[in-house]
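Below is one structure, written out as structure tokens, with a few remarks after it.
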Amino acid sequence: MKSRAAVLWGPHQDWQVEEIELDPPTKGEVLVKWEAAGLCHSDEHLVTGDMVLPAEVREQMGLPDMFPIVGGHEGAGVVLEVGEGVTSLQVGDHISASFVPACGRCHFCVTGHSNLCDNGALTFGRGQISDGTDRYRCKGQGLNVLAKLGTFADHGVIHESSAIKVDPDLPMAAVALVSCGVTTGFGSAQHRAQVQPGDTVVVVGIGGVGINAVQGARIAGARYIVAVDPVEFKQKSALDLGATHAAASMAEATPLVTELTAGKMANSVILTPGVLYGDLLGPALTLTGKGGTCVATAVAPMTQTEASINLFELAMWQKEVKGVIFGAGNPRVDIPNLLGLYKSGQLKLDELITQTYTLDQINEGYEDMRQGRNIRGVIVA
Ligand SMILES: NC(=O)c1ccc[n+]([C@@H]2O[C@H](COP(=O)([O-])OP(=O)(O)OC[C@H]3O[C@@H](n4cnc5c(N)ncnc54)[C@H](O)[C@@H]3O)[C@@H](O)[C@H]2O)c1
Ligand SMILES: [Zn+2]
Ligand SMILES: [Zn+2]
């Protein structure tokens with residue numbers, strides 16, 4: 001069939017909305033009509049080149065070029081057709097995408113860490129999960145599909161392991177958010193930092209991910225939640241959604257957290273800025289107290305290998321630095337759970353959607369993200 005998708009032909013370019021050819025779903029796959037797609041910062045790393053391996057490194061590793069690629073890994077849609085052998089979905093089902101496709105059978109899935117499913121290795125790689133071939137074509141060539149999802153499109157053919165069935169009465173834009181940003185931010189606070197009642201938590205960077213670290217910390221019972229972002233609108237949004245204090249920078253937050261905690265500093269610091277640069281780790285560990293945890297959630301440039309931290313303090317004050325992907329949980333548990341918290345009014349999702357766009361307005365949406373105008377922008381059909 002013919003459809004449309006936002007394609008990135010290479011780094012340092014705009015997204016191009018192209019007419020594409022889509023093959024029907026085969027074994028284990030479903031055809032989805034995408035209804036909503038969140039503009040997560042992770043797609044932006046393809047545009048800036050931060051999440052693109054230098055050509056010489058890629059060739060050394062024997063990997064194919066990741067471009068041209070259909071973007072988007074946060075999304076919600078309706079199943080239009082099911083391929084052979086699909087057991088978990090039917091035509092008409094509403095789904096949330098899962099940006100890590102959890103197979104349910106690998107070592108990590110069966111030990112309760114589906115966010116680390118071996119299928120995650122396919123995030124940037126070519127071809128479908130089912131058989132490694134392409135389903136998408138444009139201008140005579142096969143297209144890669146980000147995270148095997150490609151939610152910046154009218155339609156997609158995805159594997160059933162990438163789709164989580166959700167209640168059909170939920171608004172699609174809200175459902176889209178849990179397929180990456182909400183689950184990632186919330187899980188960074190609850191699963192990875194393991195925020196406890198009474199804790200002091202600092203969240204650095206208030207976008208679609210960080211705002212949900214704030215919400216995760218609030219629901220976990222944190223006493224103080226300090227939101228750090230240079231943009232005033234972000235600080236205000238965080239204060240509206242559960243932060244108790246706000247600051248424009250980690251430097252500004254340091255005396256504030258010192259005062260709030262009588263010098264004990266934060267139990268956890270969660271790093272969710274647009275890009276994780278090495279020089280953010282030092283000030284983040286200054287904010288982290290004895291026995292505390294610093295969670296690195298933001299994506300760093302792929303070639304970034306240096307960060308300056310005080311190693312004496314790391315050991316002597318028994319601090320932890322932890323990475324996290326997709327909130328360190330299990331999408332098949334966490335996505336329905338978060339949507340349940342949304343239904344009961346405890347987790348705010350509608351309030352996170354600052355602006356909606358059509359697929360054709362995708363570049364405008366990303367410009368708004370760069371300018372700090374959105375908590376989350378969402379493309380709606
Ligand atoms: N680990 C994962 O599984 C995972 C999943 C999704 C997204 N991410 C990453 O998380 C990060 C955040 O994503 P997002 O979609 O919320 O981004 P976003 O662009 O919507 O928000 C980032 C915010 O950080 C703020 N910021 C930038 N530099 C800062 C600094 N030095 N101090 C304080 N605030 C700063 C910006 O003003 C902005 O408000 C990105 O790097 C994204 O790629 C990681
Ligand atoms: Zn994302
Ligand atoms: Zn798995």
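Values below: all heavy atoms of this structure, side chains included; hydrogens, waters and symmetry mates excluded. Both ligands and their constituent atoms are indexed starting at 1 by order of listing.
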Mark up the atoms of ligand 1 that fall under 4.0 Å of a heavy atom belonging to V204, in ascending order.
32 (N), 33 (C)

Please confirm whether the backbone N or O of G323 pairs with a side-chain atom of R192, one donor and one acceptor, at under 3.5 Å?
yes

Could you check atom 7 (C) of ligand 1 against the protein and tell me its nearest heavy-atom contact, residue, atom and distance included?
S42 OG, 3.3 Å

Side chain, backbone, both or neither: which part of H45 comes within less than 4.0 Å of ligand 1 when only heavy atoms are counted?
side chain

Here the atoms of ligand 1 under 4.0 Å from any heavy atom belonging to V231 are 37 (O)

Going by the 4.0 angstrom heavy-atom rule, the piece of E44 near ligand 1 is neither

Could you identify the single nearest non-hydrogen protein atom to atom 10 (O) of ligand 1 and state the distance to 0.1 Å?
A298 CA, 3.5 Å

Can you tell me the angle formed at the Zn ion (ligand 3) by SG of C117 and SG of C106, to 10°?
110°

Among protein heavy atoms, which sits nearest to atom 15 (O) of ligand 1, and what does the distance come to when rounded to 0.1 Å?
R376 NH1, 2.6 Å

Proximal atoms of ligand 1 relative to L280 (non-hydrogen, under 4.0 Å)
31 (N)

Check each heavy atom of C180 against ligand 1 and say whether those closer than 4.0 Å belong to the side chain, the backbone, both or neither.
side chain

With a 3.5 Å distance limit and no angle check, can you tell me whether S161 reaches the backbone of P101 through a side-chain donor-acceptor pair?
no

Atoms in ligand 1 flagged as close to G274, the criterion being non-hydrogen separation under 4.0 Å
22 (C), 24 (O), 27 (C), 40 (C), 41 (O)

Going by the 4.0 angstrom heavy-atom rule, the piece of K234 near ligand 1 is side chain

Walk me through it: do K348 and D240 pass the test salt bridge (Lys or Arg N to Asp or Glu O under 4.0 Å)?
CA-CA 10 Å; K348 306 296 178 194; D240 289 344; over 6 Å; no

Given side chains that start at C-beta, do those of M369 and E44 come closer than 4.5 Å, heavy atoms only?
yes

Would you mind running through ligand 1 and noting each atom that sits below 4.0 Å from a heavy atom of V228?
33 (C), 34 (N)

N or O pair under 3.5 Å between V324 and ligand 1
yes

Can you report which non-hydrogen protein atom sits closest to atom 14 (P) of ligand 1, along with the distance?
H41 CB, 3.6 Å

Counting no waters, how many protein N/O/S atoms sit under 2.8 Å from the Zn ion (ligand 2)?
3

Provide, to 0.1 Å, the distance between atom 44 (C) of ligand 1 and the closest protein heavy atom, together with that atom's residue and name.
T297 O, 3.1 Å

Using ring centroids (six-membered ring only for Trp), state whether H113 and F108 fall under 6.0 Å.
no

Need the ligand 1 atom indices (1-based, order shown) with element for anything under 4.0 Å from a heavy-atom of F326.
2 (C), 3 (O)

Considering only protein heavy atoms, which is closest to atom 16 (O) of ligand 1, and at what distance to one decimal place?
V209 N, 2.9 Å

Partner of V178 by side chain to side chain contact (heavy atoms under 4.5 Å, CB included), out of L170, I335, I164, V166:
I335

Is there a polar contact between ligand 1 and G327, counting only N or O atoms under 3.5 Å apart?
no

Taken to the nearest 0.5 Å, the spacing of M250 CE from L271 CG works out to 6.0 Å

So, 4.0 Å and heavy atoms of P230: is ligand 1 close enough to count as a contact?
yes

Please determine whether residues V226 and L239 belong to a single hydrophobic cluster, defined as Ile, Leu, Val, Met, Phe, Trp and Tyr linked transitively by side-chain heavy-atom distances below 4.5 Å.
no

Verify salt bridge (Lys or Arg N to Asp or Glu O under 4.0 Å) between E367 and R373, making sure each step is shown before the conclusion.
CA-CA 9 Å; E367 187 53 25; R373 295 187 194 112; 5.6 Å; no

Determine whether any heavy atom of G181 lies closer than 4.0 Å to an atom of ligand 1.
no

Taking 4.0 angstrom as the limit and counting only heavy atoms of T184, give me the atoms of ligand 1 inside it, by number and element.
2 (C), 3 (O), 4 (C), 5 (C)

Any N or O on I325 sitting closer than 3.5 Å to an N or O of ligand 1?
no

Looking at F99, which atoms of ligand 1 are within less than 4.0 Å of one of its heavy atoms?
3 (O)

Report the C-alpha distance between S249 and E252 in whole Å, list the side-chain angles of each, state the deciding distance to 0.1 Å, and finish with yes or no for side-chain hydrogen bond (donor to acceptor under 3.5 Å, both in side chains).
CA-CA 5 Å; S249 65; E252 194 182 300; 4.7 Å; no

Distance col, row I20:CD1 vs D154:CG, nearest 0.5 angstrom, shows 8.0 Å

In terms of its nearest heavy atom to atom 9 (C) of ligand 1, the top option of T354, V299, V182 is V299

What class does the angle between the rings of F99 and F326 fall in, given that below 30° is parallel, 30 to 60° is tilted and above 60° is perpendicular?
tilted

Should L314 and V269 be counted in the same cluster of Ile, Leu, Val, Met, Phe, Trp and Tyr side chains packed under 4.5 Å apart?
yes

Mind reading off the angle at the Zn ion (ligand 3) between the SG atom of C109 and the SG atom of C103, rounded to 10°?
120°

min-distance protein heavy atom vs atom 39 (O) of ligand 1 -> D229 OD2, 2.6 Å

Closest protein heavy atom (residue, atom, distance) for atom 29 (C) of ligand 1
P273 CB, 3.7 Å

L285 backbone acceptor or donor facing K319 side chain under 3.5 Å:
yes

Just do the side-chain hydrogen bond (donor to acceptor under 3.5 Å, both in side chains) check on H191 and N115 with the steps written out, would you?
CA-CA 12 Å; H191 293 317; N115 67 312; over 6 Å; no

